[in-house]
Amino acid sequence: MNASFDNLPFQPAEILLPKDTDMTKWAVVACDQFTSQPEYWQAVEKTVGSAPSTLRMILPEARLNDPDVEEHIRDINNAMASYLEQELFRTLPETLLYVERTQSDGKVRRGLIGKVDLEQYDFTPGSGALIRATEGTVLSRIPPRVKVRRDAPLELPHVMLLIDDPERTVIEPLGGNCGGMEKLYDFDLQQGGGHLAGWRLTEAQMEAAAAALAALCTPEAMEKKYGLGGAAPLLFAVGDGNHSLATAKQCYEDLKKVTPEAQWASLPARYALVEVVNNHDEALGFEPIHRVVFGVEPDKLLEAFQARYPGTHEGPGAGHTIAYTCAGRSGVLTVPEPAMQLAVGTLQSFLDDYLASHGGEVDYIHGDEVTDELGRQPGNIGFKLPAMGKEQLFKTVMADGVLPRKTFSMGHAQDKRYYMEARRIK
């Protein structure tokens, strides 16, 4: 392994890419997208047909609760084994990939693909690991995913990790030096996913990337960016695929229980393939996720909110401002001098306690109009949250441990990561 990465949780990986394959049919979007739109996955199935495809090696979450899910999982493992037997893949040893993804809005998102050491990842709130979850991990969502990964010979990543690199020292320099790299693929993605191109880094470029990553997590860098020079450094924050990475961690921890400690470092399952993206990439957008509460008395809920946070008043002001809509009216609540970093934390903390003691349910909604429409219905109330500034992400994770669940969405569904690369995990 390149010695430049010895003290980093991110490293070059042995990456598998398909040979002599229709790439548009090969690559499909992350499995946790379009879960309520079966027609999307039907269209993918029609496009792929009988061609080799990552569709055969993933389980769309829309099918996670199917009665024959165990059969789906066996089919996935068999497809992986079959592709390996057919020698479908080209193997790229000790590789980092630079990728450019043209999104549906025409903007280009840049990424760096390699593997992370799961020993240096922790999704526990308050962890001091170099790789941390940004949102609370729902433990009940992990076991079904473990079933898919446990016996799989390959992994295909849709995990995106974010780095806080305002000076653009790690990924962006690669964009101007593609001519010196081997181009590996360049094609249109199916179902309106935009375009994807990828290149293999040279040894010199990998060494430069390692040095730039190491510089991001020094005490001096922590002090400059967050005023927290003595805090445990945070290098990678999970942007997308939090539960997939947590699943990889769980599978590795399970394997450690039956493997001598001296062999842990050589376990392929100790690592997970990811794409790293700069939080400051102009193409990367954060969108708020709103809340609609069902089966409550809005007036009583609002009274309880104001009692929870003394000094809360109607109308905009300094502090956390949260817009609401219920039958017959709408308004804005302001919580002055909030204890939490983000308005979503102030609201979610209250809702969790209120619904536990008073009943009712909450749903997480994209879009102002839908939130207002649902909130106006009798027995409902909608809350619209302000967008979280990207600059708040790392500082909030360091201060509060993790963000409240469903804090933000990174772009539209069709702009999520498409499966492309694979890696052996057995």
Side-chain angles (χ1 to χ4, degrees), residues 8-10 96-114 116 130-135 157-178 194-199 201 205-206 208-229 231-242 245 274-289 341-342 344 386-400 402-403 407-412 415-417:
L8 289 170
F10 180 77
L96 293 181
L97 301 185
Y98 168 67
V99 295
E100 291 185 351
R101 168 70 178 279
T102 304
Q103 301 176 158
S104 57
D105 59 5
K107 295 180 179 179
V108 177
R109 187 178 72 226
R110 296 163 176 83
L112 186 64
I113 297 174
V116 289
L130 282 169
I131 309 168
R132 302 178 208 170
T134 51
E135 297 185 343
H158 77 257
V159 176
M160 286 177 54
L161 300 185
L162 301 178
I163 53 174
D164 189 8
D165 184 16
E167 304 300 322
R168 295 166 169 78
T169 61
V170 178
I171 300 172
E172 285 78 1
L174 299 168
N177 293 287
C178 293
H195 192 87
L196 184 64
W199 295 261
L201 270 66
Q205 288 170 325
M206 289 198 293
L213 283 170
L216 290 181
C217 57
T218 63
E220 294 76 17
M222 294 294 107
E223 179 67 40
K224 180 180 179 181
K225 289 189 286 189
Y226 316 117
L228 298 169
L234 171 60
L235 181 56
F236 295 112
V238 183
D240 260 347
N242 181 52
L245 196 60
V274 302
E275 178 178 349
V276 175
V277 176
N278 187 4
N279 192 43
H280 298 270
D281 191 315
E282 290 83 357
L284 190 67
F286 283 13
E287 299 177 359
I289 302 177
Q341 290 280 324
L342 302 174
V344 64
M388 182 186 78
K390 291 197 294 183
E391 71 283 352
Q392 296 175 278
L393 177 63
F394 277 70
K395 188 173 183 179
T396 301
V397 171
M398 295 185 76
D400 291 348
V402 293
L403 305 176
T407 295
F408 66 92
S409 173
M410 282 184 8
H412 302 296
D415 294 325
K416 299 296 185 179
R417 195 172 197 286

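It should be emphasised that the depicted structure is a prediction, and the values quoted were computed from it without experimental measurement.
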**Prompt:** So do the side chains of Met388 and Thr407 get within less than 4.5 Å of each other, counting heavy atoms only?
**Reply:** yes
**Item:** Minimum side-chain heavy-atom gap Ile163-Ile171 below 4.5 Å
**Value:** yes
**Message:** Is the shortest side-chain heavy-atom distance between Cys178 and Tyr98 below 4.5 Å?
**Reply:** yes
**Prompt:** How far apart are the C-alpha atoms of Thr134 and Leu393, what are their side-chain angles, what is the distance that settles it, and do they pass the side chain to side chain contact (heavy atoms under 4.5 Å, CB included) test?
**Reply:** CA-CA 8 Å; Thr134 51; Leu393 177 63; 3.9 Å; yes
**Asked** How about Lys225: does its NZ atom have over 12 heavy atoms from other parts shown lying under 6.0 Å from it?
**Response** yes
**Message:** Please report the interatomic distance CG(Asp165) to CG(Asn279), rounded to the nearest 0.5 Å.
**Reply:** 10.0 Å
**Fill in**
Residues Glu275 and Val99: closest non-hydrogen pair is OE2-CG2, 3.4 Å
**Asked** Is there side-chain contact between Leu234 and Leu130, with heavy atoms separated by less than 4.5 Å?
**Response** no
**Minimum heavy-atom distance Ala210-Leu8, with the two atoms named** = O-CD1, 3.5 Å
**Fill in**
From the list Met160, Arg109, Lys390, side-chain contact (heavy atoms from CB on, under 4.5 Å) partner of Met410 resolves to Met160
**From His158 atom NE2 to Leu245 atom CG, the distance as rounded to the nearest 0.5 Å** = 9.5 Å
**Asked** What pair of heavy atoms forms the shortest contact from Thr102 to Gly106, and how long is it?
**Response** CG2-O, 3.9 Å
**Message:** Can you tell whether the side chains of Glu282 and Arg168 come within less than 4.0 Å, N to carboxylate O?
**Reply:** yes
**Request:** Look up atom CG in Leu284 and atom NZ in Lys107, then write down how far apart they are to the nearest 0.5 Å.
**Result:** 10.0 Å
**Request:** Over all heavy atoms of both residues, which pair between Leu235 and Phe394 is shortest? Give the atoms and the distance, please.
**Result:** O-CE2, 3.9 Å
**Approximate separation, where rounding is to 0.5 Å, of Leu216 CG and Glu167 CD** = 10.0 Å
**Glu223 side chain to Glu220 backbone, donor-acceptor under 3.5 Å** = no
**Asked** Got Val238 and Leu162 here, is their nearest side-chain heavy-atom distance under 4.5 Å?
**Response** no
**Asked** Heavy atoms, side chains only, cut-off 4.5 Å: are Glu100 and His195 in contact?
**Response** no
**Message:** Check Asp240 with Arg417, please: is the shortest side-chain N to carboxylate O separation under 4.0 Å?
**Reply:** no
**Prompt:** Do you know the tightest heavy-atom contact between Ala283 and Val108?
**Reply:** CB-O, 3.4 Å
**Prompt:** Given the rule in the side chain to side chain contact (heavy atoms under 4.5 Å, CB included) test, do Leu403 and Thr396 qualify, once you have shown the distances and angles that lead to the verdict?
**Reply:** CA-CA 7 Å; Leu403 305 176; Thr396 301; 3.1 Å; yes
**Message:** Using every non-hydrogen atom in the two residues, find where Arg132 and Ala232 come nearest and quote the distance to one decimal.
**Reply:** NH2-O, 2.9 Å
**Request:** Could you tell me how the ring of Phe236 sits relative to the ring of Phe10: parallel (under 30°), tilted (30 to 60°) or perpendicular (over 60°)?
**Result:** tilted
**Request:** Taking the side chain as every heavy atom from C-beta outward, state whether Leu96 and Ile113 have any pair of such atoms under 4.5 Å apart.
**Result:** no
**Request:** Would you mind reporting whether Asn177 and Gln205 have side-chain heavy atoms less than 4.5 Å apart?
**Result:** yes
